[in-house]
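Report on one structure; see the data block that follows.
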Amino acid sequence: MEREKKPPSVHTGHRKRVKDEFLANGLNGLPDHRVLELLLFYAIPQGDVNPLAHQLMAQFGSLAGVFHATHEQLLEVDGVGYGTAVLIRLIPAVAARYLQANSSFDGQLTNTWQFRELLLPLFFGQRSELAYLVCMDGKNKLIVTKKLGEGITDAVQITTRKVLEAALGCNASRVALAHNHVSGVALWSDADLSTTMRIRDVLRETGIELVDHFIIANDDMVSMAESGLFRD
């Protein structure tokens, strides 16, 4: 006796339809949960991942919130395994690498917009505070950008010794500091300002000029020098 065929599931062909829609139109018109669902296809080969996409959006508030979540936070969501968490964390890391690779920065730093182009990709998607030192020669040509340290969530130490060693190690004539605020507010604290002035004074004694200190929050960047804090 021939078995009765089951009607096709409503999800039959769904994954291909979503992929075809992306290939035809990019992400234009796709809601955030559908974008996340498309990504989850590659972490979870079978089954309906739409509920998990909605659950992640509800847990972290937005697509950006999902990508900013730590590996440990992602694993706390029911249905997210090790591989899924790694794939989600990979997205902002790859995006930051892409931004760095496609920067039109030509190596000479003469204005804040060039510093912005150099620095923002370094902080893209970061959930911990980081500090960098931009080292330049006497003609403002970039020598190297050195990572000074990484804090936990909302604190990073920038020590005078680390800055001095990094600057002297590459024979820099001019340097600029940069660190991010994961709070989302690109404003310096009293501690930021006092540390900056102390570092500037020490560097001057060795003939190195601290030209600026940039505070970064998401895609916003504030210059201490442009704010008048470096006037003697």
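Numbers here simply count residues along the sequence, with the first being 1.
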Heavy atoms only: give me the nearest Ala176-Leu210 pair and the separation to one decimal. CA-CD1, 4.0 Å

With heavy-atom distances below 4.5 Å as the criterion, would you say the side chains of His179 and Phe214 are in contact? no

Please report the shortest heavy-atom distance between Ala53 and Leu36, naming the atom on each side. O-CD2, 3.7 Å

Carboxylate-amine/guanidinium proximity below 4.0 Å for Asp137 and Lys141: no

I'd like to know if Glu37 pairs up with Arg34 as an ion pair, taking the criterion as any Lys NZ or Arg NE/NH1/NH2 lying under 4.0 Å from an Asp or Glu carboxylate oxygen. yes

N/O donor-acceptor pair under 3.5 Å between Thr195 side chain and Ala191 backbone: yes

Any chance you could measure His181, atom NE2, to Leu187, atom CG, to the nearest 0.5 Å? 8.5 Å

Ile216 reachable from Phe67 in the ILVMFWY side-chain graph, under 4.5 Å edges: no

With side chains defined as the heavy atoms from C-beta onward, is the minimum distance between Asp212 and Met224 less than 4.5 Å? yes

Do you know which two heavy atoms are closest between Met136 and Leu142, and how far apart they sit? CG-CA, 4.2 Å

Between the CD atom in Glu76 and the CD atom in Glu72, the distance rounded to the nearest 0.5 Å is 8.5 Å

With the side chain counted from C-beta on, respond yes when Ile208 and Leu168 share a heavy-atom pair under 4.5 Å apart, and no when they do not. yes

List, by chain and then residue number, the residues other than Ile143 in its hydrophobic cluster (Ile/Leu/Val/Met/Phe/Trp/Tyr, side-chain heavy atoms under 4.5 Å); write none if there are no others. Val144

What's the separation between atom NE2 in His213 and atom CG in Asp192, rounded to the nearest 0.5 Å? 6.0 Å

Glu209 and Leu203: CA distance, side-chain angles, deciding distance, side chain to side chain contact (heavy atoms under 4.5 Å, CB included) verdict: CA-CA 6 Å; Glu209 181 184 2; Leu203 288 172; over 6 Å; no

Taking the side chain as every heavy atom from C-beta outward, state whether Leu130 and Leu122 have any pair of such atoms under 4.5 Å apart. no

Which distance, rounded to the nearest 0.5 Å, do you find between the CD1 of Ile91 and the CG of Leu63? 9.5 Å

By salt bridge (charged side-chain N to carboxylate O under 4.0 Å, His left out) - contacts of Arg116 (at least two apart): none

Look at the side-chain heavy atoms of Ile, Leu, Val, Met, Phe, Trp and Tyr, link any pair under 4.5 Å apart, and say whether Trp188 and Leu133 land in one connected group. yes

What pair of heavy atoms forms the shortest contact from Cys135 to Ala172, and how long is it? CB-CB, 3.8 Å

Say whether, by atom type as modelled, one donor and one acceptor occur between the side chain of His54 and the main chain of His33 under 3.5 angstrom. no

Using only atom types and a distance under 3.5 Å, with no angle test, would you say the side chain of Asp220 pairs donor to acceptor with the backbone of Ile215? no

Quick check on the hydrophobic clustering: are Leu193 and Val202 connected, directly or via other members, by side-chain heavy-atom contacts under 4.5 Å? yes

Spell out, yes or no, whether Leu27 and Ile88 are grouped together once hydrophobic residues are joined by side-chain heavy atoms under 4.5 Å, including indirect joins. yes

Pair Asn140, Thr110: side-chain N/O donor-acceptor within cut-off below 3.5 Å: no

Approximate separation, where rounding is to 0.5 Å, of Phe124 CZ and Asn180 CG: 13.0 Å

Does Asn25 reach the side chain of Leu30, with side-chain heavy atoms less than 4.5 Å apart? no

Gln73 to Thr70 - nearest heavy-atom pair and separation: OE1-N, 2.9 Å

Val18/His14 under side chain to side chain contact (heavy atoms under 4.5 Å, CB included): CA gap, chis, key distance, verdict: CA-CA 6 Å; Val18 175; His14 172 68; 3.5 Å; yes

What is the minimum heavy-atom distance between Leu148 and Val163, and which atoms define it? CD1-CG2, 3.8 Å

So, Ser223 side chain and Ala225 main chain: donor-acceptor pair closer than 3.5 Å or not? yes

Side chains of Thr112 and Met221: closer than 4.5 Å at any heavy-atom pair? yes

Could you check if a side-chain atom of Leu74 sits within less than 4.5 angstrom of a side-chain atom of Phe60, using non-hydrogen atoms only? yes

same_hphob_cluster(Val77, Tyr42) at 4.5 Å side-chain heavy-atom cutoff: yes

How about His71 and Tyr82: are their ring centroids closer than 6.0 Å? yes

Gln55 versus Leu52: any side-chain heavy-atom pair under 4.5 Å? yes

When rounded to the nearest 0.5 Å, the distance separating CZ of Phe41 from CG of Leu39 is 10.0 Å

Is there a side chain to side chain contact (heavy atoms under 4.5 Å, CB included) between Val222 and Ser227? Walk through the geometry before answering. CA-CA 8 Å; Val222 173; Ser227 301; 4.0 Å; yes

